[in-house]
Amino acid sequence: MKSLPLVALVALQLALAPAAAAKLSKAESGMAKTVAAEQERSLALLERLVNQNSGSLNLEGVEKVGAMMRAELEPLGFKVEWKPMRDTGRAGHLIATHVGRPDTKRLLLIAHLDTVFEPDSPFQTFTRKGDMGEGPGAGDDKGGMVVIVAALRAMQAAGTLKGANIEIHMTGDEEDAGHPIEKARADLIAAGKRSDVALDFEGLVRDGGADMGSVARRSSDSWTVTATGKSAHSSGIFSAAAGDGAIYELTRIIHRFRTELPEPNLTFNVGLIAGGQQADLDAGGIRATVNGKTNIIAPIAVARGDLRALSPEQIVRVKAKMTAIVADHAPGTDAKIAFDPGGYPSMAPTDGNRALLAKLNGVNRDLGLAEMAPLDPLKRGAGDISFVAADVDGLAGLGPYSTGDHAPGEAVDIPSIARQATRAAILMSRLSAEKR
């Protein structure tokens, strides 16, 4: 890789700012300098990771990225384990553990090895475009893994890693979780129960140009409504004998969802709809086969969609409302709603999460950076940290800033890698020195 003077200059400026402010310890100033000095190393690692396809369904590719991360973590003193998950239909997870002082806080770092880009995607390689690094997973979440490595290497150089208790979980199926989800996330959930702090290294979100702190993430559930009616000649529609038909019943239900469900921090979407004389969904629920005629009342109609909420209580309440709406049938029809198993839980904005953001903002002040306000949870999706949110305080969004995630053209903001790694190294050093 050719030299990157602009990136190096940005990183060096970040490294020198703390010394000028004189608010960081010697070790913390050293961490900033290490991150800056190793920026080209970090970019070379990012390029290698991005150029190895690791779509969720490319099990061998995910394993190869896991092997790359093992090679980075073992020299730092981590005991690394590969946890196979082939029986869930996915590759597995990388779990790395660093044992420090017995009386200090235990940190859980979360990232993921997989991307949404499978081997048949035309978007496969890393390309440098000025201060942006374009490639599949460059931001989500290979950039996040690079931030973890850069931060840990800075901690090791400064001597703060030696006493730190850190457990890292890099899942191999965050973008498309294995089934059953209870097994796919069992190790992560167990890690949350034995940890004191969870830090999620998915991407930083900016709002109005400002770096934001993520203290909450919404849930992600999927639902299916199936409406049925009486098949008859269309001339009898709405009569007592024929009723309203399945398509009118389904559209009535969806309209009631739209008008009666809205509340703060809730979204619900209809992503697929099909109806007619026959309507069949494939096994994955993403394709429909239908047929019908204009002069036949449709006996079946199906809709699939998602539901995202901010707290367990909101999820339960909204699901109950949806169920009640579906149960209130139009004449001559029936309908049922089913919620898919294996959804992602929510990460509610707790006082503990806000306290962690306050500590991160202490790092920002000492670095001479602007404080990070809490991000509106409507502005980011679900993530793995939500599986531990009920058991441990957490922060999300400690990875780099990126644009165009999940689509060809996804690109990571290269200067943000150094900034996020410096923040993380100092935050983790301070947290890992706190007593349990």
Side-chain angles (χ1 to χ4, degrees), residues 56 107-112 114-116 139-141 143-145 147-148 168-171 173-177 181 184-185 188-189 191-193 195 197-207 210-222 263-269 306-319 339-340 342-361 372-402 405-406 420 423-424 427:
S56 305
L107 310 187
L108 172 62
L109 314 187
I110 302 171
H112 62 90
D114 63 319
T115 76
V116 301
D140 186 17
D141 187 33
M145 293 191 293
V147 168
I148 288 177
I168 304 173
H169 279 245
M170 295 180 174
T171 58
D173 61 347
E174 195 271 351
E175 300 292 4
D176 190 355
I181 193 73
R185 292 296 176 271
L188 179 61
I189 292 169
K193 293 182 184 298
S195 301
V197 175
L199 302 175
D200 169 55
F201 284 82
E202 285 203 290
L204 171 73
V205 174
R206 288 177 178 161
D207 195 3
D211 291 357
M212 306 297 288
S214 294
V215 298
R217 300 190 75 155
R218 294 187 303 151
S219 64
S220 178
D221 286 284
S222 296
E263 61 180 71
N265 298 312
L266 175 72
T267 57
F268 45 94
N269 177 60
D306 77 351
L307 167 69
R308 298 173 186 267
L310 188 56
S311 69
E313 295 78 14
Q314 187 176 39
I315 296 168
V316 171
R317 181 176 64 255
V318 173
K319 285 184 176 180
F339 296 96
D340 291 5
Y344 271 54
S346 62
M347 173 187 176
T350 64
D351 289 341
N353 297 352
R354 295 185 186 97
L356 279 175
L357 178 57
K359 291 180 180 181
L360 177 58
N361 276 326
M372 300 163 72
L375 176 70
D376 181 345
L378 288 172
K379 296 184 177 180
R380 80 172 312 142
D384 276 342
I385 192 172
S386 294
F387 286 97
V388 304
D391 298 306
V392 62
D393 297 331
L395 273 181
L398 293 172
Y401 175 68
S402 59
D405 290 6
H406 287 205
Q420 290 293 83
R423 281 171 167 153
L427 178 65

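Every heavy atom of this structure was used, including side-chain atoms; hydrogens, water molecules and symmetry mates were not.
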Q) If you measure from the Lys or Arg side-chain nitrogens to the Asp or Glu carboxylate oxygens, is any gap between Arg185 and Glu174 under 4.0 Å? A) no
Q.
Show the nearest heavy-atom pair for residues Ala309 and Ile315, with the distance to one decimal.
A. CB-CG1, 3.6 Å
Q.
Would the distance check show the side chain of Gln420 and the main-chain N or O of Gly399 forming a donor-acceptor pair, the cut-off being under 3.5 Å?
A. yes
Q: For Arg380 and Ser214, test the side chains for any donor-to-acceptor distance below 3.5 angstrom and give the result as yes or no.
A: yes
**Q.** Distance-minimising heavy-atom pair for Asp200 and Ala396
**A.** OD2-CB, 3.4 Å
Q. About how many Å separate CG of Leu398 and CZ of Phe201, when rounded to the nearest 0.5 Å?
A. 5.0 Å
Q) Which heavy atom in Leu108 sits nearest to a heavy atom in Ala191, and how many Å separate them? A) CD1-CB, 3.9 Å
(Q) To the closest 0.5 Å, what do you measure between CG (Leu375) and CZ (Arg206)? (A) 13.0 Å
Q: Check whether any side-chain N or O of Ser219 sits under 3.5 Å from a backbone N or O of Ser346 as a donor-acceptor pair, and report yes or no.
A: no
Q: State which residues pass ring-ring contact (aromatic ring centres under 6.0 Å, His included) with Tyr344; sequence neighbours excluded, sorted by chain then number.
A: Phe387
Q. Does the side chain of Asp384 pick up a donor-acceptor pair with the side chain of His169 at under 3.5 Å?
A. no
**Q.** Salt bridge Lys379-Asp376, side-chain N to carboxylate O under 4.0 Å
**A.** no
**Q.** Minimum heavy-atom distance Ile181-Gly342, with the two atoms named
**A.** CG2-CA, 3.2 Å
Q: Give the minimum heavy-atom separation between Ile189 and Val388, together with the two atoms involved.
A: CA-CG1, 4.2 Å
**Q.** Test item: Asn265 side-chain N/O and Leu310 main-chain N/O as donor-acceptor pair under 3.5 Å
**A.** no
**Q.** Stepwise side-chain contact (heavy atoms from CB on, under 4.5 Å) test for His112 and Asp140
**A.** CA-CA 8 Å; His112 62 90; Asp140 186 17; 2.9 Å; yes
Q: Kindly say whether Asn353 contributes a backbone atom to a donor-acceptor pair with the side chain of Thr350 at under 3.5 angstrom?
A: yes
**Q.** Test salt bridge (charged side-chain N to carboxylate O under 4.0 Å, His left out) applied to Glu263 and Arg317, step by step
**A.** CA-CA 11 Å; Glu263 61 180 71; Arg317 181 176 64 255; 2.4 Å; yes
Q. Between Ser56 and Asp176, is any side-chain donor less than 3.5 angstrom from a side-chain acceptor?
A. no
(Q) side-chain contact (heavy atoms from CB on, under 4.5 Å) for Ile110 and Leu188? Distances and angles first, verdict last. (A) CA-CA 9 Å; Ile110 302 171; Leu188 179 61; 4.1 Å; yes
**Q.** Distance (rounded to the nearest 0.5 Å) between Leu109 CG and Ile168 CD1
**A.** 5.0 Å
Q. Which pair of non-hydrogen atoms, one from Met170 and one from Ile148, has the smallest distance, and what is that distance?
A. CE-CD1, 4.1 Å
(Q) Is there a side-chain hydrogen bond (donor to acceptor under 3.5 Å, both in side chains) between Arg218 and Thr267? Walk through the geometry before answering. (A) CA-CA 10 Å; Arg218 294 187 303 151; Thr267 57; 2.9 Å; yes
Q. With no hydrogens and no angle check, is any side-chain donor or acceptor of Arg217 less than 3.5 Å from a backbone partner on Gly381?
A. yes
Q | Asp393: partners by salt bridge (Lys or Arg N to Asp or Glu O under 4.0 Å), with sequence neighbours left out | A | none
Q | Worked verdict on Leu307 versus Leu266 for side-chain contact (heavy atoms from CB on, under 4.5 Å) | A | CA-CA 8 Å; Leu307 167 69; Leu266 175 72; 3.4 Å; yes
Q. So how far is it from Leu204 CG to Met372 CE, rounded to the nearest 0.5 Å?
A. 5.5 Å
Q: Without swapping roles, check the side chain of Asp306 against the backbone of Asn269 for a donor-acceptor pair under 3.5 Å.
A: yes
(Q) I'd like to know if Arg308 and Asp221 make a salt bridge, using a cut-off of under 4.0 Å between side-chain N and carboxylate O. (A) no
**Q.** Beyond-backbone contact of Ser195 with Leu107, side-chain heavy atoms, under 4.5 angstrom
**A.** no
Q. Does Glu175 offer a backbone N or O that forms a donor-acceptor pair with the side chain of Asp114 under 3.5 Å?
A. yes
